Trainee: 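This is the structure I have questions about; it appears just below.
Since the structure is predicted, the reported quantities are computational estimates derived from the model, not experimental observations.
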Amino acid sequence: MRRRERTRILVKGDRGLAHRIAAEVEAAAHVDVIDAPREELVMVKVRESARRSLFYLGEALMTTCRVEVAGATGKGMVLGSDRDRAYELAVIDAAYAAPAGSFATQAFDELLCDEARRIDEAAAERRAVIATTKVDFSTMEEEL
């Protein structure tokens, strides 16, 4: 599983999942904190749709962390102020970057796939509820 998809699942999904996976990694190996979790301001880059040009919308608060596990470095980044989640993301990222066989990443992938399905089902339910409120203006009759 790619880092981007893994991070999306861990951020949008059940908070306990990231905590559980990070705890398993911590139990299996020593975690060295390179950069402790801290808040930073980052510029938000946006693409303007008409001209397709980039511009900076403003600043956003982000929490970052960097750790080393089993000789591999991991980074955790999350919007807002959430030091615990940034740390957990960094630990999980390092576990995936570690040499093959160091951690049970296959088992982690199964948990992440299950959580991804749950996230997608919840999103589909939200879309279905929103679809019931849609108005089709092309079916409205004109008044003369």
Trainee: Give me the atom names and distance for the closest heavy-atom approach of T73 to A97.
Mentor: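 Heavy-atom minimum between the residues: O-CB, 4.0 Å.
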
Trainee: Any chance you could lay out the side-chain contact (heavy atoms from CB on, under 4.5 Å) test for L112 and L17, step after step, and finish with the verdict?
Mentor: CA-CA 8 Å; L112 291 168; L17 179 62; 3.9 Å; yes

Trainee: For a quick test of your reading: what N or O donor-acceptor pairs under 3.5 Å do the side chains of residues 100-111 make, sequence neighbours left out?
Mentor:
from: S102; atom 1: OG; to: P99; atom 2: O; distance (Å): 2.7
from: D109; atom 1: OD1; to: Y96; atom 2: OH; distance (Å): 2.6

Trainee: What distance do D82 atom CG and E39 atom CD have between them, rounded to the nearest 0.5 Å?
Mentor: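 The CG atom of D82 sits 9.0 Å away from the CD atom of E39.
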
Trainee: Measure the spacing between CZ of R127 and OG1 of T132 and express it to the nearest 0.5 Å.
Mentor: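 Interatomic distance, R127 CZ to T132 OG1, rounded to 0.5 Å: 14.0 Å.
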
Trainee: I need the minimum non-hydrogen distance between R8 and A116, along with the two atoms involved.
Mentor: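 Heavy-atom minimum between the residues: NH2-CB, 4.5 Å.
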
Trainee: How far does CG of L61 sit from CG of L41, to the nearest 0.5 angstrom?
Mentor: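 Between atom CG of L61 and atom CG of L41 there are 6.0 Å.
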
Trainee: Rounded to the nearest 0.5 Å, how far apart are OG1 of T7 and CZ of R2?
Mentor: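 Those atoms lie 13.0 Å apart.
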
Trainee: From the options K75, R6, R66, select the one residue that forms a salt bridge (Lys or Arg N to Asp or Glu O under 4.0 Å) with D93.
Mentor: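 Exactly one candidate clears the test, R6.
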
Trainee: Would you call R118 and E115 a salt bridge, taking side-chain N to carboxylate O under 4.0 Å as the test?
Mentor: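 Result for this pair is yes, salt bridge flagged.
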
Trainee: Is there a side-chain contact (heavy atoms from CB on, under 4.5 Å) between D84 and R15 once you walk through the steps?
Mentor: CA-CA 10 Å; D84 292 337; R15 185 175 183 91; 3.9 Å; yes

Trainee: Which atoms form the tightest heavy-atom contact between M77 and M62, and what is the distance?
Mentor: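 Scanning both residues completely, I find the closest heavy atoms to be CB-CE, 4.0 Å.
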
Trainee: List the atom of I119, the atom of I9, and the distance in Å for their closest heavy-atom pair.
Mentor: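 Looks like CD1-O, 3.8 Å.
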
Trainee: Would a single hydrophobic cluster contain both I34 and V31, if residues Ile, Leu, Val, Met, Phe, Trp and Tyr are joined by side-chain heavy-atom contacts under 4.5 Å?
Mentor: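 Result: no, two separate clusters.
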
Trainee: Give a yes or no on whether the backbone of V11 and the side-chain of R85 come within a donor-acceptor separation of less than 3.5 Å.
Mentor: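 Yes: the side chain of R85 pairs with the backbone of V11.
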
Trainee: Grab the two heavy atoms, one from R83 and one from P37, that are nearest each other, plus how far apart they are.
Mentor: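 Closest pair (atom of R83, atom of P37, distance): NH1-O, 3.2 Å.
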
Trainee: Supply the members, apart from L57, of the Ile/Leu/Val/Met/Phe/Trp/Tyr cluster built from side-chain contacts under 4.5 Å; use none for a lone residue.
Mentor: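 V44, V46, F55, which link up through side-chain heavy atoms under 4.5 Å apart, make up the rest of the cluster.
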
Trainee: Is it possible for you to say whether L79 and L89 belong to one hydrophobic cluster, with membership spreading through side-chain heavy-atom contacts below 4.5 Å?
Mentor: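 The answer is no; the residues belong to distinct hydrophobic clusters.
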
Trainee: Using 4.0 Å as the upper bound for N to carboxylate O, is an ion pair formed by D114 and R117?
Mentor: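 Answer for the salt bridge query: yes.
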
Trainee: Tell me the closest heavy-atom pair linking A98 and A70, and the distance in Å.
Mentor: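 Looking at all heavy atoms of both residues, the shortest contact is CB-CB, 4.3 Å.
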
Trainee: I'd like to know whether CZ of R47 has more than 12 heavy-atom contacts from other residues, nucleotides or ligands below 6.0 angstrom.
Mentor: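 Correct, the count exceeds 12.
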
Trainee: Using 0.5 Å steps for rounding, measure from the CD1 atom of I92 to the CZ atom of R20.
Mentor: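 Rounded to the nearest 0.5 Å, the CD1-CZ separation comes to 10.5 Å.
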
